[in-house]
Amino acid sequence: MNTKVKVTKNFNLGKIKLDLSKEINDFGKIIRKDHYQRLERGLGVNGSPMEKLSPETIAKKGHSKILVDSGNMRNLVFRKKATAASQSAILTPGEKRKYPGTKVTPSQVASFHQEGGPNLPQRQWFGISKKAEEDGEKRIVEKIKQEIDNA
C-alpha cells in the first residue's frame with residue numbers, strides 16, 4: 001500500500017524574534033525590587049526572618065536593621081544588562097566601591113553574610129525569591145507565547 005501524506009504549515013518560524021533582552025532586564029528589575037523590599041522587612045531570600053543582630057552590633061549601629069546601613073546590600077546594581085547579542089543580565093551589590101578606610105567591597109561583605117563565619121550567623125539574603133522568580137518567568141513566557149502566536 002502506498003500512502004501519501006501532505007503537510008502544510010500556517011506559520012513562519014522566521015517571524016519569531018528570540019531577543020528577550022527587554023524581558024530579561026525587566027526580570028532583573030523585579031529581582032532588584034523584591035530584594036530591596038525583603039531586606040527592608042528583615043527577610044532572607046527564602047522569605048523567613050533573618051537571624052537578629054547581636055545586642056553589641058545594635059548598640060554599635062544604633063539600630064537593629066540587618067544589611068541596610070549604607071544601602072549597598074539592598075540596592076542591587078546591574079553589572080551587566082541583557083542585549084540582543086548577549087541574553088543575560090547580572091545584578092550585584094556594589095563591587096567596585098570600597099568601604100571608607102578599607103579594601104573591603106560590598107560584595108565581599110555580602111558573601112560573608114551569605115556564608116556566615118565564626119562570629120557571624122549565616123544570613124541567606126542574596127538570591128532570587130520564589131515570588132520574584134515566578135513574576136519574572138511569567139513575563140518571559142508571555143513574550144515567547146506572543147512571538148509564537150505572531151508566527
Side-chain angles (χ1 to χ4, degrees), residues 5-53 57 61-117 119-151:
V5 176
K6 183 177 180 182
V7 177
T8 60
K9 64 177 186 159
N10 63 353
F11 56 89
N12 178 354
L13 292 178
K15 288 184 175 181
I16 296 177
K17 296 176 188 166
L18 296 178
D19 179 5
L20 298 172
S21 57
K22 179 185 180 313
E23 289 72 24
I24 291 168
N25 290 328
D26 286 347
F27 197 164
K29 291 174 188 175
I30 290 168
I31 293 166
R32 196 166 63 180
K33 180 179 177 183
D34 175 76
H35 177 83
Y36 182 92
Q37 291 173 341
R38 278 190 302 97
L39 286 186
E40 280 294 299
R41 295 189 313 266
L43 303 177
V45 70
N46 64 2
S48 61
M50 289 187 282
E51 188 167 333
K52 297 192 183 304
L53 298 174
T57 301
K61 289 172 66 165
H63 62 80
S64 62
K65 285 190 171 186
I66 302 165
L67 295 166
V68 295
D69 274 355
S70 65
N72 287 319
M73 301 302 175
R74 64 180 167 180
N75 293 312
L76 299 180
V77 295
F78 276 96
R79 188 174 83 196
K80 175 182 174 278
K81 285 194 173 190
T83 64
S86 175
Q87 303 273 313
S88 66
I90 299 173
L91 291 166
T92 65
E95 286 189 324
K96 295 180 181 175
R97 191 171 90 44
K98 300 201 175 15
Y99 287 101
T102 74
K103 294 181 179 183
V104 179
T105 67
S107 285
Q108 291 168 319
V109 173
S111 179
F112 191 49
H113 276 280
Q114 188 81 359
E115 300 298 322
N119 299 316
L120 184 70
Q122 183 181 34
R123 294 183 175 102
Q124 293 186 338
W125 64 281
F126 190 77
I128 303 172
S129 73
K130 188 100 173 134
K131 180 186 180 320
E133 181 179 4
E134 289 169 356
D135 291 348
E137 194 175 277
K138 180 180 173 186
R139 289 181 186 216
I140 289 174
V141 167
E142 285 172 3
K143 172 65 173 180
I144 293 170
K145 182 181 178 327
Q146 179 186 31
E147 289 296 325
I148 291 170
D149 289 347
N150 290 337

message: I want to check something: taking the side chain as every heavy atom from C-beta on, are Gln108 and Thr105 in contact at a cut-off of under 4.5 Å?
response: yes

statement: So CD of Glu23 and CD1 of Ile30: to nearest 0.5 Å the spacing works out to 10.5 Å

field: Audit row: Glu40, Lys65, side chain to side chain contact (heavy atoms under 4.5 Å, CB included) steps and yes/no
entry: CA-CA 8 Å; Glu40 280 294 299; Lys65 285 190 171 186; 3.4 Å; yes

- line: One should read off an interatomic distance between Asn119 CG and Phe112 CZ, to the nearest 0.5 angstrom, of 7.0 Å

query: So, do Pro49 and Leu43 sit near enough that their side-chain heavy atoms are less than 4.5 Å apart?
result: yes

- prompt: If you take all heavy atoms of Val45 and Gly127, which pair is closest and at what distance?
  reply: CG2-C, 3.4 Å

message: Quick one, Arg123 and Leu53 - any side-chain contact, counting heavy atoms below 4.5 Å?
response: yes

message: To the closest 0.5 Å, what do you measure between CG (Asn25) and OG (Ser88)?
response: 9.5 Å

- prompt: Just wondering, do Lys29 and Phe78 contact through their side chains at under 4.5 Å, heavy atoms?
  reply: yes

- prompt: Relative to each other, are the rings of Phe126 and His35 parallel, tilted or perpendicular (30° and 60° limits)?
  reply: perpendicular

Sidechain N-carboxylate O distance under 4.0 Å for Glu134, Lys138: no

- prompt: Atom CD1 of Ile31 and atom NZ of Lys131: how far apart are they, to the nearest 0.5 Å?
  reply: 12.0 Å

field: Carboxylate-amine/guanidinium contact Arg139 Asp135, below 4.0 Å
entry: no

- prompt: Taking the side chain as C-beta and beyond, is there a heavy-atom pair between Leu39 and Met50 under 4.5 Å?
  reply: yes

- prompt: Using a distance-only test with no angle check, is there a side-chain donor-acceptor pair under 3.5 angstrom linking Lys52 and Ser64?
  reply: no

message: Within the 4.5 Å heavy-atom criterion, are Gln114 and Gln124 side-chain neighbours or not?
response: yes

query: How far does CE of Met73 sit from NE2 of His113, to the nearest 0.5 angstrom?
result: 6.0 Å

- prompt: Below 4.5 Å, heavy atoms only, C-beta onward: do Thr92 and Leu76 meet side chain to side chain?
  reply: no

- prompt: Just wondering, more than 12 heavy atoms not from Lys61 lying within 6.0 Å of its NZ?
  reply: yes

message: Treating Trp125 as the side-chain partner and Arg38 as the backbone partner, does any N or O pair qualify as donor plus acceptor under 3.5 Å?
response: no

query: Do you know the tightest heavy-atom contact between Ala82 and Ala89?
result: N-CB, 4.0 Å

From OG1 (Thr83) to CG (Asp19), nearest 0.5 Å: 8.0 Å

